[in-house]
Amino acid sequence: MSIDPRVALESLTAALEEHLAAASARRGDGDPAVEAAFFAVADAFEVYDDSLYEAYGEVTPLEVIEEEDDDESEDVDDEEDLELLQD
């Protein structure tokens with residue numbers, strides 16, 4: 001089922017407005033309202049980007065960055081550093 005890109009864009013815009021409202025009313029670090037709004041923006045963006053591609057074969061110049069586990073990212077960096085030193 002494809003979604004009209006205009007409808008997806010309206011949802012993304014609404015999610016961005018909600019994120020702004022949550023951020024401006026933040027009640028400290030780790031505010032669950034801000035976190036929920038953050039993920040709503042990411043989800044709405046992915047729907048918009050997918051619908052844009054399906055309808056027009058076009059994408060945005062943006063991407064959602066997935067958080068990595070700190071331990072895993074450090075291990076990868078260390079392995080890459082070792083490879084560079086060995087070469």
Side-chain angles (χ1 to χ4, degrees):
M1 177 177 123
S2 64
I3 297 174
D4 182 334
R6 290 190 186 277
V7 172
L9 178 59
E10 289 172 4
S11 295
L12 174 57
T13 302
L16 287 166
E17 289 175 357
E18 288 294 321
H19 185 266
L20 176 59
S24 66
R26 177 186 296 270
R27 296 175 302 235
D29 290 342
D31 186 332
V34 176
E35 185 175 330
F38 173 90
F39 288 113
V41 168
D43 292 343
F45 169 73
E46 288 182 343
V47 170
Y48 172 68
D49 210 40
D50 290 345
S51 68
L52 187 65
Y53 183 77
E54 286 181 26
Y56 305 113
E58 201 52 57
V59 294
T60 65
L62 309 171
E63 67 180 84
V64 174
I65 298 173
E66 301 293 328
E67 288 188 42
E68 294 180 14
D69 184 21
D70 288 338
D71 294 336
E72 289 179 20
S73 63
E74 288 177 14
D75 292 343
V76 171
D77 290 342
D78 291 343
E79 290 172 12
E80 289 174 0
D81 291 344
L82 287 175
E83 287 177 15
L84 291 174
L85 291 173
Q86 292 173 350
D87 291 339

Discussion item. Test of understanding: with side chain to side chain contact (heavy atoms under 4.5 Å, CB included), list the residues that count as partners of E58, not counting sequence neighbours.
Written reply: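 With sequence neighbours excluded, E58 shows a side chain to side chain contact (heavy atoms under 4.5 Å, CB included) to L52, Y56, given in chain and number order.
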
Worksheet item: So with a 6.0 Å cut-off around CD1 of I65, is the heavy-atom count from everything else above 12?
Response: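 Counting neighbours around CD1 of I65, 12 or fewer heavy atoms of other residues, nucleotides or ligands fall under 6.0 Å, so no.
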
Solution key, residues 9-26 side-chain donor-acceptor pairs under 3.5 Å, sequence neighbours excluded:
| from | atom 1 | to | atom 2 | distance (Å) |
| --- | --- | --- | --- | --- |
| S11 | OG | V7 | O | 3.3 |
| T13 | OG1 | L9 | O | 2.9 |
| S24 | OG | L20 | O | 3.2 |
| S24 | OG | A21 | O | 3.0 |

Fill in: Value rounded to 0.5 Å, distance of CZ in F45 from OG1 in T60
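Those atoms lie 3.0 Å apart.
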
Worksheet entry | Path from L62 to V64 over hydrophobic side-chain contacts below 4.5 Å |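 Same cluster.
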
Worksheet entry | side-chain hydrogen bond (donor to acceptor under 3.5 Å, both in side chains) partners for D50, two or more places apart |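 Expected list: none.
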
